[in-house]
There are 2 protein chains.
Amino acid sequence: MTVKNSLLAILSQEPTHGYGLKSAFEETTSGTWPLNVGQVYQTLNRLERDGLVETGPVDDSTRQTWQITQAGRDALGGWYGEPVAADPPIRDELAIKVLLAVATDEADISDILTTQRTATMERIQELTRHKRKADPDAELPWLLLVEALILKAEAEVKWLDLCEAHLARRTKR
Amino acid sequence: MTVKNSLLAILSQEPTHGYGLKSAFEETTSGTWPLNVGQVYQTLNRLERDGLVETGPVDDSTRQTWQITQAGRDALGGWYGEPVAADPPIRDELAIKVLLAVATDEADISDILTTQRTATMERIQELTRHKRKADPDAELPWLLLVEALILKAEAEVKWLDLCEAHLARRTKR
DNA sequence: ACAGCCATGTAACTTGTTACATGATTTT
DNA sequence: AAAATCATGTAACAAGTTACATGGCTGT
């Protein structure tokens with residue numbers, strides 16, 4: 001749903017052609033989430049099928065633009081109005097992996113935790129470098145995004161530490 | 001990939017029949033992530049197609065079991081050995097939503113942040129109740145899971161606060 | 001007898017994604 | 001002239017998910 005709603009959000013501003021949607025999405029997310037153009041056209045067809053967008057005027061007499069319909073605006077309003085779903089929480093690959101490793105008594109559980117922590121801490125370092133370089137006036141979206149990624153990564157490291165503590169405690173007895 | 005690898009992890013212990021895989025997965029994740037049985041059979045067919053599992057003996061002379069192949073063990077080892085992918089980071093619906101709202105100058109950006117924070121804080125309260133009730137000896141996986149969800153939710157709230165601070169600062173000038 | 005769970009399986013569908021074919025325009 | 005980017009579109013596939021059909025077993 002994320003890609004669909006994102007395209008609707010961009011189209012809610014002005015009619016846009018396919019490639020323009022790709023560019024706008026990647027600009028807005030500062031290149032963090034690349035979007036294959038092919039997927040834009042696929043998604044537009046699906047949105048049209050569902051009556052959320054329709055073809056608009058041809059700009060420069062070459063490019064086909066798409067525009068949002070009222071149903072599309074309603075759907076977008078619904079997306080903005082509802083908190084992101086947390087029930088059931090979205091599948092957390094790391095949590096599932098660790099829980100399965102614990103449940104199946106996978107020998108290398110400690111290795112798994114260490115490997116993940118190393119990777120995540122390196123990531124935090126890199127993100128922090130980006131954050132220091134970011135200009136909060138000119139690049140507010142980029143800064144917000146970097147901060148989101150850092151906070152997520154930090155939460156992950158905290159959890160990995162908790163896991164180790166629990167497991168060490170369990171092994172001892 | 002998560003469901004596929006999860007089934008491999010369970011099968012790495014012992015051959016299991018379809019419904020047993022569903023039960024084992026839900027038990028391991030303490031019911032947090034329900035798994036439709038139909039999906040188990042679908043996934044088993046795909047794993048068989050890829051040579052990662054094969055049909056095993058029929059237990060009780062009624063139920064068809066499945067067992068992991070060497071290729072399956074290799075794939076599972078790869079999953080355990082690699083940190084979960086962070087490049088590009090997995091799509092964060094909330095971050096994308098907020099960034100798009102900022103970029104398109106969506107009027108209700110403050111509402112979006114408030115709605116999300118309210119929902120997430122309620123979630124934290126509920127999770128904290130679960131955490132207090134959990135017995136760390138008998139229910140270690142459940143406790144770990146609850147802690148993961150709490151840490152994630154807390155990071156989300158922190159980020160929402162940061163967003164508001166940045167936006168307030170921007171509006172002022 | 002009936003409800004509820006255990007159990008298997010298939011069909012259909014959604015979302016996301018990549019690979020490919022094709023060509024115009026722009027930059028070097 | 002070559003390379004890069006802009007631009008559109010289709011085919012095919014991967015992964016997740018639901019709905020449905022079907023029947024056995026178990027406890028009340």
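First the proteins, then the strands, lettered A, B, ... as listed; each starts at 1.
Between B:Arg49 and D:dA14 there is a side-chain polar atom (N or O) within less than 4.0 angstrom of OP1 or OP2. Residue B:Tyr41 has a polar side-chain atom (N or O) positioned under 4.0 Å from OP1 or OP2 of C:dT8. For C:dT15, neither phosphate oxygen OP1 nor OP2 lies less than 4.0 angstrom from any side-chain nitrogen or oxygen of B:Arg91.
At a threshold of 4.0 angstrom between heavy atoms, the contacts of A:Gly38 include nucleobase atoms, whether or not backbone atoms are also involved. Within 4.0 Å (heavy atoms only), B:Gln42 reaches at least one base atom of the nucleic acid.
Scanning residues 1-8 of chain B for heavy-atom distances under 4.0 Å to DNA chain D yields B:Met1, B:Thr2, B:Val3, B:Lys4.
When all heavy atoms of A:Lys131 and A:Leu143 are compared, the pair lying nearest together is CG-CD1, 3.9 Å. Minimum interatomic distance between A:Pro141 and B:Leu99 (heavy atoms only, all atoms of both residues): O-CD2, 3.6 Å. For the residue pair B:Lys97 and A:Glu82, the shortest heavy atom distance occurs at NZ-O, 2.6 Å.
In the hydrophobic cluster analysis, where Ile, Leu, Val, Met, Phe, Trp and Tyr join through side-chain heavy atoms closer than 4.5 angstrom, A:Leu145 is grouped apart from B:Val157. A:Val98 is connected to A:Leu162 through a chain of hydrophobic side-chain contacts under 4.5 Å among Ile, Leu, Val, Met, Phe, Trp and Tyr, so both are in one cluster.
In this structure, B:Asp50 atom CG and D:dC13 atom P are separated by 13 Å, rounded to whole Å. The distance from atom OH of A:Tyr19 to atom C1' of C:dT22 is 15 Å, rounded to the nearest whole Å. In this structure, the CD1 atom of B:Ile90 is 16 Å from the P atom of D:dA15, given to the nearest Å. When rounded to the nearest whole Å, the span between NZ of A:Lys22 and P of D:dA7 equals 11 Å. Rounded to a whole Å, the CG atom of B:Asn36 is 16 Å from the P atom of C:dC5. Rounded to whole Å, the distance from CZ on B:Arg63 to C1' on C:dT8 is 12 Å. Between B:Gln64 atom CD and C:dC6 atom C1' there is a gap of 16 Å when expressed in whole angstrom units. Put simply, CG on B:Leu35 is 15 Å from P on C:dA7, counting in whole angstrom units.
Out of C:dT10, C:dT8, D:dT8, the shortest distance to the side chain of B:Val37 is found at C:dT8.
Nearer to the 5' terminus of DNA chain C, by closest-nucleotide assignment, is the contact made by B:Gly20 (compared with the other of B:Gly20 and B:Arg46). Between A:Val40 and B:Gln39, the one whose closest nucleotide on DNA chain C sits nearer the 5' end is B:Gln39.
Note on B:Glu26 versus B:Lys22: salt bridge recorded, some NZ/NE/NH1/NH2 to OD/OE distance being below 4.0 Å.
Using modelled atom types, one side-chain atom of A:Trp159 and one backbone atom of B:Leu144 make a donor-acceptor pair closer than 3.5 Å.
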